[in-house]
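Below is one structure, written out as structure tokens; comments come after it.
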Amino acid sequence: MKRTEYCGRINKDNIDEQVVLKGWVHRRRDLGNLIFIQLRDREGIIQLVFDPEKCSKEVMECAKLLRSEFVIEVLGKVIARTIENINPEMSTGEFEVLAENLEILNSSELIPFHIDDNVNVSENLRLKYRYLDLRRDFMKDTIWFRYKVLDCIRKFMGEKEFIEIETPFLIKSTPEGARDFVVPSRMHTGKFYALPQSPQLFKQLLMVAAFDKYFQIARCFRDEDARADRQTDFTQLDIEMSFVSQDEIFTLMEDLFKKVFKETMNIDIKTPFDRIDYDISMDKYGSDKPERRYNMFLNDITSLFEKSEFKVFKENIENGGVIKAIVLKGKSTDISRKKVGEYEEFVKKFKAKGLAFVKYENNSFSGGIAKFVEPIKQKFIEMLNLEDKDIVFFGSDSKKIVNNVLGNLRLKLIKEFDLIEDKSVFDFCWVTRFPLFEKDDNGNWIAMHHLFSMPTHDTVEFVDTDPGKVYGQLYDLVINGNEAASGSIRIHNAKLQKKIIGITGMSEKEMEQKFGFLLEAFKYGAPPHGGIAPGIDRLIMIMKGLDNIKDVIAFPKTNNQLCLLTGAPDFLSIEQLNEIGIKMEEKNNGQE
RNA sequence: GGAGUCGUGGUGUAGCCUGGUUAACACGUCGGCCUGUCACGCCGAAGAUCGCGAGUUCGAAUCUCGUCGACCCCGCCA
């Protein structure tokens, strides 16, 4: 029999109708003669009633056999429940289906965990039995929400006259940032493809191809360690446009997010988004992805300690370092010496050598480095706007380390003391003007973002003289302290592109071998262009207020890049290896 | 590559610090009773050699070492 309705959609219009339902046994309540079954499908749950006075003996016998997660087909009549039997907790709680016929389409073994949002299950099991985990409302709703966001994005891009174009998965390995996943070629023994870290170069080539406005919901692969907010393979909304300015890209994204948040969550977000220069964000928040929902800033107080007796600070300043401070308002009595020790351990992860602090209570300083603050008391209080019961944490090191240390301590304090007042607010901001290069540990210049970003007009002159002073037309979109999108205006000039790549120390020959195709393309009328790429997984995570990216991915991998469901990755047979010309070392081949 | 946390019936936990009878609790499962339940109820039962390996000990879930796996973090992630 053909299904006539989804369980979760039964409503007053169905009353007295005969319906055919198909679904999973969610719960069974056998009262002896009367049997209640909660039947679940993708739209929700409806209660079935098996009443011996209303159906045959055979149907009752069959209903007795039902167990959790059996798949059944039911023919029955929709009736309104009597008032005392209404269940206000259920969306279909005013109705039930009086069963007349029942067929068991499939049985189920005892499942490893209950299909219930209230049951705690280890992530291990959830990943191994993902198809069961996905039956739970929480997962089902998240995956549906994700689809709705993507659907909304596709419609928006269509309205704005973008064309969606697929780019290849098997591509040439180019030295960009992350490690490539590699795929051996059978037809060209010894050669390898790489999986794309992003469609970056192809979307630029599409601009050369005059498509003008491109987008793609693109899968990307990076062979780097995962994190709670970072998955090995992930999805980007990849966008590229010709003849655009940074401002136009910002406006497009602001319109997109405004629409997506309105249509999928009914939330009005404020546009345009604030903009912050990278340098300012680093100085103020110690991060290039500022969490701005709580006002606690990094204050540079180097000048106060130039003549200090405190050797640690003084020597640091003499070596060109900085002293910065953050103030935790009104919590001095909540923080014990032991607690400070914990914070000290925490900041050591970020290469801090220690954690100086001082408490300000009853107009005097105590604890930590109180002795050294006393001589500069008035200026110190003024600069940090200190009030009673404030506690100050100091960072003393190179600017880079201090920003990182206090930036992270700041986030920890905000979280630990639950300082964000309204967590339902979404705070958007653009971080702009990133430096194009930074020095690696060996003192070589490396691209901070990637090699294809256009320098800003006012710093392009330093490309030849001082790469460290070159800023890029680079931007990140930050939502609630998370990097949600990243993009830039690109270089479209072969000569400048070569020069930029050259700064990283790549020889002319290597450049030709790795990027020859791009440089060649730039010779034939490459238009000025730029783009951006919001991370879809992380966006969904932020919108849903989740803290684990696995929860927004249907089939995620573990931190170790394992798929617990299928067992990937796995060994290959000798035959498969021979075919691609790969010989494993004895210990690694998985064969006996 | 490094650090931390965790691993005990089907599931989630307690027990471990301070080694010692039959490894406890809740949920689930199975059987019985039950005609308005809705996390149904009541009665009864089964189910774990405590991730794996070695060591210490008369004796190890418990202590030690190793190993595997998961999570979280640093490095890494244009």
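Residue numbers start from 1 in every chain, and the chains themselves are labelled A, B, ... in the order their sequence lines are given, proteins ahead of strands.
You'll find the ring centres of A:Phe202 and A:Phe517 outside the 6.0 Å limit.
Picking from B:G36, B:C77, B:U11 the nucleotide with the shortest atom distance to the side chain of A:Leu125 gives B:U11. In this structure, of B:C77, B:G69, B:C38, it is B:C38 that holds the atom nearest to the side chain of A:Met90. The side chain of A:Arg222 sits closest to B:C77 out of B:A70, B:C77, B:C74. Closest contact between the side chain of A:Asn85 and the listed nucleotides B:C73, B:C38, B:C76 involves B:C38. Here the nucleotide nearest the side chain of A:Ser122, chosen from B:G12, B:C30, B:C34, is B:G12. In this structure, of B:A70, B:C73, B:C76, it is B:A70 that holds the atom nearest to the side chain of A:Thr558. In the set B:C71, B:U37, B:C73, B:C73 carries the atom at the smallest distance from any side-chain atom of A:Ala228. The nucleotide whose nearest atom lies closest to any side-chain atom of A:Asp51 is, among B:U35, B:C77, B:G10, B:U35. Here B:G12 is the nucleotide among B:U29, B:C77, B:G12 with the atom lying nearest to any side-chain atom of A:Val121. Side chain of A:Arg29, nearest nucleotide from B:U29, B:C40, B:C71: B:C40.
A:Arg81 comes within 4.0 angstrom of a base, heavy atoms only. As judged by a 4.0 angstrom heavy-atom cut-off over every strand, A:Ser486 is placed among residues making no nucleic acid contact. A:Asp223 comes within 4.0 angstrom of no nucleic acid atom, judged by non-hydrogen atoms across all strands. Base contact: A:Gln47 has a heavy atom under 4.0 Å from a base atom. Backbone-only contact: A:Arg27 has heavy atoms under 4.0 Å from sugar-phosphate atoms and none from a base. Within 4.0 Å of A:Glu438, counting heavy atoms only, lies no atom of the nucleic acid at all. As judged by a 4.0 angstrom heavy-atom cut-off over every strand, A:Asn87 is placed among the base-contacting residues. Nucleic acid contact class of A:Glu89 (heavy atoms, under 4.0 Å, all strands): none. Within the nucleic acid shown, A:Phe452 has no heavy atom closer than 4.0 Å to any nucleic acid atom. At a threshold of 4.0 angstrom between heavy atoms, the contacts of A:Asn560 are confined to the sugar-phosphate backbone, with no base atom among them. A:Gly32 comes within contact range of at least one nucleobase, with a heavy-atom separation under 4.0 Å. At the heavy-atom level, A:Lys550 lies under 4.0 Å from the strands shown only through sugar-phosphate atoms. Using a 4.0 Å heavy-atom criterion, one finds that A:Ile35 contacts no nucleic acid atom at all. A:Ile446 comes within contact range of no nucleotide atom at all, as no heavy-atom separation falls under 4.0 Å.
B:C74 atom P lies 11 Å from atom CG of A:Asp225, rounded to whole Å. Rounded to a whole Å, the CG atom of A:Leu34 is 12 Å from the P atom of B:C38. Atoms CG (A:Asn120) and C1' (B:C71) sit 15 Å apart, rounded to a whole Å. Separating the CG atom of A:Asp229 from the C1' atom of B:C72 is a distance of 12 Å, rounded to the nearest angstrom. Atom pair A:Glu344:CD and B:G4:P shows a separation of 18 Å (rounding to whole Å applied). Remark: C1' of B:A70 and NZ of A:Lys557 are 16 Å apart, rounded to the nearest angstrom. In this structure, A:Glu109 atom CD and B:G47 atom C1' are separated by 16 Å, rounded to whole Å. Atom-to-atom, CG of A:Leu31 to P of B:C42 comes out at 13 Å; the value is rounded to the nearest Å.
Taking the centre and axis of the six-membered ring of A:Tyr471, the NZ or CZ atom of A:Arg433 falls inside the cone set by 45° and 6.0 Å. Remark: A:Lys469 qualifies as a cation-pi partner of A:Phe462 under the 6.0 Å distance and 45° angle criteria applied to the six-membered ring.
The gap from the P atom of B:C17 to that of B:A60 amounts to 14 Å, rounded to the nearest Å. On the P atoms, B:G7 is 7 Å away from B:A14, given to the nearest whole Å. Taking atom P on both B:G15 and B:A24, the two are 15 Å apart, rounded to the nearest angstrom. Here the separation of B:G44 from B:A54, taken at their P atoms, is 42 Å to the nearest Å. Nucleotides B:C42 and B:A26 have their P atoms positioned 12 Å apart, rounded to a whole Å. Using atom P as the reference point in both B:U62 and B:A23, the two lie 15 Å apart (nearest Å). If you take atom P in B:G28 and the same atom in B:C40, they sit 8 Å apart, rounded to whole Å. Comparing the P positions of B:A61 and B:G51 gives an interatomic distance of 10 Å, to the nearest angstrom.
Heavy-atom nearest nucleotides on RNA chain B were determined for A:Gly177 and for A:Gln38, and the one closer to the 5' end corresponds to A:Gln38. Closest-nucleotide positions on RNA chain B for A:Arg227 and A:Ile79 were compared, and the one nearer the 5' end corresponds to A:Ile79.
Side-chain contact of A:Glu345 with A:Tyr343: a donor-acceptor pair under 3.5 Å is absent, judged by distance alone. A donor atom on one side chain and an acceptor atom on the other are found under 3.5 Å apart for A:Lys324 and A:Asn403. Looking only at atom types and distance, the side chain of A:Gln246 has no donor-acceptor partner in the side chain of A:Gln473 under 3.5 Å away.
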What do the steps show when you test A:Arg275 against A:Thr432 for side-chain hydrogen bond (donor to acceptor under 3.5 Å, both in side chains), and what is the final call?
-> CA-CA 7 Å; A:Arg275 302 179 188 188; A:Thr432 57; over 6 Å; no
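Applying the 4.0 Å criterion to OP1 and OP2 of B:C72, one finds that A:Asn548 has a side-chain N or O inside that range. Applying the 4.0 Å criterion to OP1 and OP2 of B:C74, one finds that A:Arg230 has every side-chain N and O outside that range.
Of the candidates A:Arg28, A:Arg27, A:Arg40, A:Glu69 forms a salt bridge (charged side-chain N to carboxylate O under 4.0 Å, His left out) with just one, namely A:Arg40.
With a 3.5 Å ceiling on both atom-pair distances, the Watson-Crick or G-U wobble partner of B:G55 is B:C63. Searching all strands for a Watson-Crick or G-U wobble partner of B:G69 with both distances below 3.5 Å returns B:C6. B:G28 is unpaired under the Watson-Crick or G-U wobble criterion, no partner having all donor-acceptor distances under 3.5 Å.
Here the closest non-hydrogen pair linking A:Thr92 and A:Gly8 is CG2-O, 3.9 Å.
Centre separation under 5.5 Å together with a plane angle under 30° holds for the ring of A:Phe36 and the six-membered base ring of B:U37, marking them as stacked.
Aromatic ring orientation, A:Tyr129 versus A:Tyr131: perpendicular (interplanar angle above 60°, classes split at 30° and 60°).
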